[in-house]
Amino acid sequence: QVQLVESGGGLVQAGGSLRLSCAVSGRTVSSYAMGWFRQAPGKDREFVAAISWSGGRTMNADSVEGRFTISRDNAKNTVYLQMNSLKPEDTAVYYCSAGTTIAQLQALNSEYWGQGTQVTVSS
C-alpha cells in the first residue's frame with residue numbers, strides 16, 4: 001500500500017507563489033509516476049501536472065503551462081509543485097496521486113490519492 005500526504009497550501013495574493021509538497025510512504029516514491037490534481041467548488045477534479053519515475057519527463061495542463069513546475073526528490077520520497085504567477089482561478093483543493101504512467105495519471109485512473117491541501121488565491 002501507498003500513503004500520500006500533501007502540505008504547503010494556504011492563502012496567497014494573485015501573482016504570488018506557493019510550493020506544495022507530497023510525502024509518500026509505504027513504497028519508495030521512485031516506484032511510481034506522480035501527479036498533481038485540483039478540484040474547485042462545483043467542478044470536477046482536473047489534472048494539473050505529472051512526472052515520470054525518473055523525473056526525466058513531465059507533463060503540464062495547458063492552464064498551468066509556464067507557471068507551475070512539478071519535480072521530485074526520490075531520496076526524500078517527496079514530490080513538489082512549485083506554483084508561480086498564481087491567479088484566482090487556481091483556487092482549489094490540490095491533491096497528489098501515484099500511478100503507473102503519466103498517461104494513467106492524466107486520465108485520473110491512478111490508484112493512490114492524498115487527502116488534499118487548500119490553495120486560495122485572492123485578487
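Any value given below was found using the heavy atoms of this structure, including those in side chains, with hydrogens, waters and symmetry copies removed. Quick note: residue numbers are just sequence positions, from 1.
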Return the minimal non-hydrogen interatomic distance between [X] and [Y], and the atom names on each side.
| X | Y | value |
| --- | --- | --- |
| Ala40 | Ala92 | N-CB, 3.8 Å |
| Ser110 | Ala98 | CB-O, 3.2 Å |
| Ser63 | Arg38 | OG-NH2, 3.4 Å |

Distance (rounded to the nearest 0.5 Å) between [X] [atom1] and [Y] [atom2]:
| X | Y | atom1 | atom2 | value |
| --- | --- | --- | --- | --- |
| Gln104 | Asn109 | CD | CG | 6.0 Å |
| Ile102 | Phe47 | CD1 | CZ | 7.0 Å |
| Ile51 | Arg72 | CD1 | CZ | 6.0 Å |
| Tyr32 | Ser52 | OH | OG | 15.5 Å |
| Leu86 | Ser17 | CG | OG | 6.0 Å |

Is the Phe37 to Trp113 ring centre distance short of 6.0 Å? yes
For Thr78 and Asp73, test the side chains for any donor-to-acceptor distance below 3.5 angstrom and give the result as yes or no. no
Residue pair Arg19 / Tyr80, side-chain donor-acceptor N/O under 3.5 Å: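 Arg19 vs Tyr80: no donor-acceptor pair found between side chains.
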Quick one: does [X]'s side chain have a donor or acceptor within less than 3.5 Å of a partner on [Y]'s backbone?
| X | Y | value |
| --- | --- | --- |
| Arg45 | Gln39 | no |
| Arg57 | Trp53 | no |
| Thr117 | Gly9 | yes |
| Glu6 | Cys96 | yes |

Same cluster (ILVMFWY, side-chain, under 4.5 Å), [X] and [Y]:
| X | Y | answer |
| --- | --- | --- |
| Val121 | Val64 | yes |
| Tyr112 | Met34 | yes |
| Leu4 | Val119 | yes |
| Leu81 | Met59 | no |
| Leu105 | Phe68 | no |

In this structure, are over 12 heavy atoms from other groups packed under 6.0 Å from Gln115 atom CD?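 Open: at most 12 neighbouring heavy atoms sit under 6.0 Å from CD of Gln115.
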Determine, step by step, whether Val48 and Asn60 satisfy the side-chain contact (heavy atoms from CB on, under 4.5 Å) criterion, reporting the C-alpha distance in whole Å, the side-chain angles of both residues, the deciding distance to 0.1 Å, and the verdict. CA-CA 6 Å; Val48 174; Asn60 297 325; over 6 Å; no
